[in-house]
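The structure under discussion appears below in the form of structure tokens.
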Amino acid sequence: MQLPPSSSPPSLQRYSLPSTLLPSHNHAIPMEALISLPSSHNFHLSPLPSKPPHPLPSLPLHHHHHHHSIKTHHHIFSPTKTTRLNAQVSSSPATTTTDLPGDKALAGDEKFNWFANWYPLAPVCDLDKRAPNAKTVMGLDVVIWWDRQEGRWQVFDDRCPHRLAPLSEGRVDPWGRLQCVYHGWCFDGAGSCKYIPQAPPNGPPVHTVNKACAAVYPSVEQNKIVWFWPSTDPKYKDILMKERPPYFPELDDPSYTSTMGTRDLPYGYEILIENLMDPAHVRYAHRGIMRVPKREVPGRAKADREGGVPMEITIETLNITGFLAKQELGYSKFIAPCVFCGSVSSLDIQDVSSTKPQQKQRRFMLIFMCTPVSPGRSRVIWVFPRNFRVWIDQLVPRWMFHVGQNLILDSDLYLLHVEERKIAKVGPSNWQKACFVPTKSDAMVVAFRNWLRKYSNNQVDWGTLSTGYLPPTPPREQLMDRYWSHVVQCSSCRVALKGLRTLEVFLQVISIASIGIVAAVKQGLMSTITRTAVVSTAVLCFLASKWLSHFIYKNFYFHDYNHAFK
């Protein structure tokens, strides 16, 4: 599963959208453009001096906000024409490189603390300040709500201390407090209970007792995303002063566009992460959705329709904070536990010997934030910032991009759901025994499994949450549901669905009204031409409403994907 950004340069693969919905010049950059760039025979490499990327190889222990992007210069490959260009590829850092880290057993006593890290909850653009928003992360049910008094998002444990009713089903009252709608208890941004309707006004102030307070998690809004620290222990109250979530300056740079999306998925965090790290599956699992430029391999005859090729991927600086991966023309980085990202810079050069000023450097990033929700459940937030063709995202509605991105997620969703259950049968600790991964294209997947084995006993630490069984597999239509997993969580898609439903009803009304007019008007009062026009309008409106109903169902509720016919 590799998601394209919401829009991209006109030189890479496209994803499928109805031509009436997406401008023909809008294309998509799949993750393969980053972690498996076209082979060097497509590039005219110049003998420019190279230097190691900075500061990605360092992999800081707590990945503070000093994190910067990989800088790799290349020209965006166009399958439609041959272009001469210069490409500067950074040399690898001075560290030990392992082609397939997994042939040796990794040892170490250092363990990863899953409950001492920041986790992304939701893009701010998808949160409603007027109402509480429920989320689950690391098996913890939390509620996000806008504190008007403090002017910030707060994250509470999603249960009222009174009778454990979900606060996410409550409301923000006129005084800006979070109110439980079961018995009306009210809480401020610090979690203090400010009002208990059932307590006598002249009685003891029971609302001031510690047990009346709501549990508050440390939280912060950064890069237009709400993050939280999954512990209500008082010692973490000021954790933000010591440690911050991974920071990407491009997401706050006004010269960049950075349309976000999110989706809940019916397979676990481990499967989500390793799938994003796997460039080789794009040509096969997403056939018919993402077109990847084909390249020939010297000495190999054409052996399949899709044109899969060997990929050079090596792993560098793997430690408890994650790892760095080097590909043919770029780098990617896993920042434990949530972030998988990479950055590519490109520079068009018309003439290598020209003294004319060079064009503005084009840069785009692919950032995936992967959250463990519960065993067999995960959430991904994707964002693809870029500093060129920004106007496309200003003209094309966000929901149109989500249509294509959700289709990509759907196209390998069932494969991954079943794969997870097969791994559960053999046991996560037997992953490398059960799976045969002999090529370098799987280097990042193997590295992630090694990281998981070395620092976390092959699995997410769910704390006190029972992890004995995965949830049962529901019917296919429920498994690949889009409405609850995305639409209700996305402000843009919710509005689009409401508007399209209204248009569908309007078309049906016009169709019925037109037929009614023809039936009510006497034969002599309406000319044949007028009668034909009215009947044609009725038929066209009816057909348009049926097409629109089908489009709504496929793009907002359920869209199956049959690989056999792609």
Side-chain angles (χ1 to χ4, degrees), residues 2 31-37 50-74 87-104 106 108 110 112 117-118 244-250 269-270 272-280 311-345 363-370 383-385 437 439-456:
Q2 309 294 342
M31 191 64 181
E32 187 178 31
L34 173 64
I35 60 181
S36 180
L37 292 169
S50 60
K51 55 185 178 181
H54 178 75
L56 277 177
S58 62
L59 285 170
L61 180 62
H62 294 298
H63 46 266
H64 292 276
H65 62 282
H66 303 296
H67 173 82
H68 293 283
S69 306
I70 314 162
K71 295 183 188 257
T72 303
H73 298 284
H74 73 96
Q88 176 178 331
V89 183
S90 299
S91 62
S92 61
T95 56
T96 302
T97 300
T98 307
D99 289 342
L100 276 176
D103 300 332
K104 305 179 192 177
L106 296 175
E110 193 175 15
F112 188 79
N117 282 274
W118 289 98
R244 298 185 68 89
Y247 179 71
F248 301 93
E250 293 83 359
Y269 157 88
E270 301 96 324
L272 171 61
I273 285 278
E274 68 179 29
N275 189 51
L276 290 170
M277 293 179 176
D278 171 22
M311 297 178 179
E312 287 290 331
I313 303 176
T314 55
I315 305 302
E316 304 175 358
T317 58
L318 187 151
N319 57 44
I320 196 171
T321 66
F323 59 78
L324 182 74
K326 180 180 183 295
Q327 298 87 51
E328 294 169 334
L329 292 175
Y331 285 85
S332 295
K333 186 177 182 181
F334 168 55
I335 306 173
C338 295
V339 178
F340 179 59
C341 64
S343 173
V344 175
S345 300
R363 297 192 65 250
F364 68 88
M365 297 183 66
L366 292 96
I367 303 171
F368 298 95
M369 301 177 187
C370 307
V383 54
F384 308 106
V437 283
T439 67
K440 293 183 179 181
S441 65
D442 290 312
M444 283 189 287
V445 176
V446 176
F448 172 70
R449 286 290 175 175
N450 280 340
W451 178 88
L452 204 61
R453 181 176 74 251
K454 181 178 181 180
Y455 300 111
S456 190

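Side chains are part of it too, since the values below use all heavy atoms of this structure and drop only hydrogens, waters and symmetry mates.
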* Closest non-hydrogen atom pair, Ala447 against Leu318 -> O-CD1, 3.7 Å
* Asked: What's the shortest heavy-atom distance between Arg244 and Trp118, and which atoms?
  -> C-CD1, 3.6 Å
* Trp451 side chain to Asn319 backbone, donor-acceptor under 3.5 Å -> yes
* So, does Tyr269 use its side chain to make a donor-acceptor pair with the main chain of Pro337 at under 3.5 Å? -> yes
How long is the straight-line distance from [atom2] of [Y] back to [atom1] of [X], given to the nearest 0.5 Å?
{"X": "Thr439", "Y": "Glu312", "atom1": "OG1", "atom2": "CD", "value": "10.0 Å"}
{"X": "Thr321", "Y": "Tyr455", "atom1": "OG1", "atom2": "OH", "value": "8.0 Å"}
{"X": "Ser332", "Y": "Phe368", "atom1": "OG", "atom2": "CZ", "value": "9.5 Å"}
{"X": "Ser441", "Y": "Ile313", "atom1": "OG", "atom2": "CD1", "value": "6.5 Å"}
{"X": "Asn275", "Y": "Met277", "atom1": "CG", "atom2": "CE", "value": "11.0 Å"}

* Should Leu452 and Phe112 be marked as a side chain to side chain contact (heavy atoms under 4.5 Å, CB included) after you check the CA-CA gap, both sets of side-chain angles, and the distance that decides it? -> CA-CA 9 Å; Leu452 204 61; Phe112 188 79; over 6 Å; no
Going by heavy atoms in the side chains, are [X] and [Y] under 4.5 Å from each other?
{"X": "Phe384", "Y": "Ile367", "result": "no"}
{"X": "Asn117", "Y": "Pro245", "result": "no"}
{"X": "Leu276", "Y": "Cys370", "result": "yes"}

* Residues forming a side-chain hydrogen bond (donor to acceptor under 3.5 Å, both in side chains) with Glu274, sequence neighbours excluded -> Arg449
* To do: Evaluate the criterion ring pair (Phe, Tyr, Trp, His ring centres under 6.0 Å) for residue pair Phe334 and Phe340; output intermediate values, then yes/no.
  => CA-CA 5 Å; Phe334 168 55; Phe340 179 59; 7.5 Å; no
* Hey, is Lys326 close enough to Glu316 for a salt bridge, meaning N to O under 4.0 Å? -> no
* List the steps and the verdict of side chain to side chain contact (heavy atoms under 4.5 Å, CB included) for Asp278 and Met444. => CA-CA 7 Å; Asp278 171 22; Met444 283 189 287; over 6 Å; no
* To do: Begin with the C-alpha distance, continue with both residues' side-chain angles, and end with the deciding distance and a verdict on side chain to side chain contact (heavy atoms under 4.5 Å, CB included) for Glu250 and Arg363.
  => CA-CA 10 Å; Glu250 293 83 359; Arg363 297 192 65 250; 3.2 Å; yes
